[in-house]
There are 2 protein chains.
Amino acid sequence: MKITIDLVAERAGVSKTTVSRIMNGNFAHTRDETKNRVLQVIQELDYRPNALAKGLKSSHTNVLGIVLSNLKNPFWTVVLEGVEDACRHLGYNLMICNSSEQAAMEEQYIKEFQMRRLDGIVINPTARNLELYTKLAASKYPMVVVNRRVPGLDVHHVIMNNMKGATMAVHQLLHNGRRNIAAFVYDNPYVSTWKERVDGYREALQGSGRSPEELRILELELEGGTAKSTIMRYLGEHPEIDGIFSTNNMLTLQIIEAVKEMGLKLPEDIAIVGYDETVWSQHLDPPLTTIMQPGYKMGYLAAQMLIKSIKAKRKPKPETIVLEPELIVRKSCGAVRS
Amino acid sequence: MKITIDLVAERAGVSKTTVSRIMNGNFAHTRDETKNRVLQVIQELDYRPNALAKGLKSSHTNVLGIVLSNLKNPFWTVVLEGVEDACRHLGYNLMICNSSEQAAMEEQYIKEFQMRRLDGIVINPTARNLELYTKLAASKYPMVVVNRRVPGLDVHHVIMNNMKGATMAVHQLLHNGRRNIAAFVYDNPYVSTWKERVDGYREALQGSGRSPEELRILELELEGGTAKSTIMRYLGEHPEIDGIFSTNNMLTLQIIEAVKEMGLKLPEDIAIVGYDETVWSQHLDPPLTTIMQPGYKMGYLAAQMLIKSIKAKRKPKPETIVLEPELIVRKSCGAVRS
DNA sequence: TCGATTTCGGAAACCGATTAACAAATGCGC
DNA sequence: GCGCATTTGTTAATCGGTTTCCGAAATCGA
């Protein structure tokens with residue numbers, strides 16, 4: 001025998017309307033005596049209302065969806081923590097999906113979210129489903145884009161100031177006397193964050209009087225595990241390089257490995273500044289200088305913003321929040337050279 | 001105007017029965033001409049059936065839930081990857097929740113799962129809601145417990161052989177000539193994995209002829225950040241210690257920090273073997289010897305098992321799968337002493 | 001040609017909640 | 001004791017699908 005609202009009503013000798021009201025904290029229509037009797041029965045039966053029925057009727061589920069690109073990168077687990085906390089504080093549940101940077105999976109998950117009638121979604125977009133995003137935005141489906149910019153898409157954004165972070169990283173290297181600084185980046189042209197970091201690198205160097213010819217930008221394959229060997233080859237061809245700006249925390253690990261394997265010393269021969277502070281940054285050899293981003297805050301704000309926009313009667317104008325990075329100086333960027 | 005099955009039916013000039021059949025791939029009752037017309041309309045309207053309504057009627061949602069204890073530990077993101085892949089391959093969606101090792105949150109999430117009528121759950125239990133687990137099992141709610149053992153709970157388990165891993169770790173230290181080996185562990189008595197690892201340590205030492213007095217087991221606070229100073233005090237009081245078996249990857253980072261801060265050299269003065277291989281293990285200074293656990297496999301098997309049990313007409317007998325760890329030798333455990 | 005199948009498709013009940021509209025009971029002033 | 005407002009609770013429609021049962025038309029066999 002399934003435990004439904006009808007059963008509760010029957011046992012308590014009232015109609016399901018009354019039970020429903022009490023379940024939803026609406027006590028205006030029932031006297032205390034009745035209320036307590038119903039509450040008692042609910043307790044005894046350990047009744048759990050069917051969220052599907054509730055959602056079907058009321059057309060909202062109190063569930064948010066998030067699709068992100070890589071759960072294995074600790075940056076995202078921190079963001080997730082922020083999203084989770086906001087959801088918990090504001091009474092929402094969360095459905096988490098992993099696009100693995102693949103447009104097809106992203107599309108599938110978003111459609112799944114819609115079919116399940118999730119109240120809204122947070123997305124770190126692959127930036128490859130422009131048509132879908134636009135349709136979503138046009139249909140007023142509550143949505144917040146995080147971390148990456150999707151140009152021309154008029155929805156809420158919570159993003160990071162990547163130019164600033166990159167500039168800080170490069171300036172730190174320059175400050176420590178490095179003269180031939182390279183920037184290493186994964187070769188995915190859709191990821192605006194990486195692009196912006198390279199732009200920041202470019203700007204910082206040119207701003208300090210370097211000519212465009214002195215720019216050393218190396219693009220590495222994201223897949224296939226060829227990154228390390230490519231790095232070694234590149235460093236072999238450019239022995240003048242004495243500083244590296246790494247635009248991604250996973251990439252940084254590969255760079256360190258490559259440099260060590262070449263017998264070069266860190267930070268004496270080559271100084272490194274990496275993007276994204278992680279649990280391991282301070283434990284590496286040498287401890288890593290990094291750009292720290294407020295991931296938790298980004299997640300929290302995004303969820304908060306999304307929920308606000310869900311609850312709003314009239315949809316608010318899309319807003320963009322830009323969060324500022326911070327430089328954490330450790331040994332890997334080298335000391336000031338005399 | 002909302003796009004429902006009725007609208008599709010109307011536009012196609014058929015009844016919703018027919019549309020429903022076609023949506024579910026049941027073409028036996030419709031001729032090709034009608035089928036194609038309906039398909040056409042579905043396409044044009046970009047119709048997405050309401051999963052809530054579907055779930056309400058058919059009483060299954062094709063969603064699995066997982067509640068785990070700490071998403072920030074990379075061990076769990078790997079497990080999650082396995083679960084996700086299995087879900088994707090077998091046509092399920094996943095709802096991920098984070099108990100943060102708190103019984104109350106675990107309870108809340110499980111109840112949420114039930115209300116949402118998820119088809120089954122995977123759980124890394126806090127082991128503090130025994131009554132709830134038992135009730136769940138008794139109610140035949142499909143469930144698979146991972147990583148930790150809940151004694152007396154007769155449900156599917158996919159767990160790791162922790163005794164074996166701990167034994168391997170300690171033997172490696174002994175093999176490398178360490179004579180005074182300590183085991184460091186977080187002080188949560190509910191986590192069976194940590195307990196088993198300490199048991200393994202105990203057994204390995206006693207098996208090699210050590211007396212119980214020679215056991216050095218230090219329990220550290222999980223919360224509060226006092227671990228590092230406690231470690232330093234302990235090592236100060238026990239200068240004879242020349243090997244440490246760390247039962248947790250996060251703890252390992254703190255141990256390394258403490259040891260370095262005391263001016264001791266790794267691995268010369270103190271050798272370390274840590275539990276759980278992670279992305280950073282090989283990049284630490286010195287590179288860390290670890291026990292690697294097949295997390296992906298655990299996740300995949302758990303989800304697979306769960307789905308099998310959901311689909312089974314007659315519920316299969318609870319089964320326990322035990323997965324074996326592997327030792328990865330790097331410099332931190334020291335070389336063989338002459 | 002006629003009854004029996006087979007093919008194709010619809011009507012309506014149902015899943016388990018919410019909620020508008022309505023009705024009975026009670027209280028209260030006079 | 002009467003009229004009216006307030007309190008307390010019910011009936012029934014509804015959300016958007018699935019599925020059982022049934023009926024009409026087409027096909028078939030003899």
* To do: Record whether the side chain of K54(A) comes under 3.5 Å of the base of dT18(C) through a donor-acceptor pair of N or O atoms.
  => no
* Asked: Quick one: does R21(B) reach the base of dG10(C) with a side-chain donor-acceptor pair under 3.5 Å?
  ->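 Indeed, a donor on one side and an acceptor on the other fall under 3.5 Å apart.
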* Might you point out which heavy atoms bring L45(B) and I3(B) nearest each other, and give the distance in Å? =>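 Closest heavy-atom pair between L45(B) and I3(B): O-CD1, 3.3 Å.
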* **Contact summary for E84(A) and L71(B), nearest pair of heavy atoms** =>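 Answer, listing the atom of E84(A) first, then L71(B): OE2-CD1, 4.4 Å.
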Sugar-phosphate, base or nothing in reach of [X], heavy atoms under 4.0 Å:
X	result
S15(A)	base
S59(A)	nothing
S20(A)	base
K2(B)	sugar-phosphate
V14(B)	sugar-phosphate
S58(B)	nothing
T18(B)	sugar-phosphate
F27(B)	nothing

* Structure fact -> In whole angstroms, the gap separating P of dC14(C) from NZ of K16(B) amounts to 14 Å
* To do: Would you kindly give the CG-to-C1' distance between L52(A) and dA17(C), to the nearest whole Å?
  =>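 Going from L52(A) (CG) to dA17(C) (C1'), I get 10 Å.
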* For R148(B), the option from I123(B), V191(B), I159(B) that meets side chain to side chain contact (heavy atoms under 4.5 Å, CB included) -> V191(B)
* To do: Check the pair K135(A), E131(A) against salt bridge (charged side-chain N to carboxylate O under 4.0 Å, His left out), reporting the backbone distance first and the verdict last.
  => CA-CA 6 Å; K135(A) 214 189 298 181; E131(A) 199 180 335; 5.2 Å; no
* To do: Identify which nucleotide among dG16(D), dA20(C), dT18(D) has an atom closest to any side-chain atom of T17(A), counting heavy atoms from C-beta outward.
  => dA20(C)
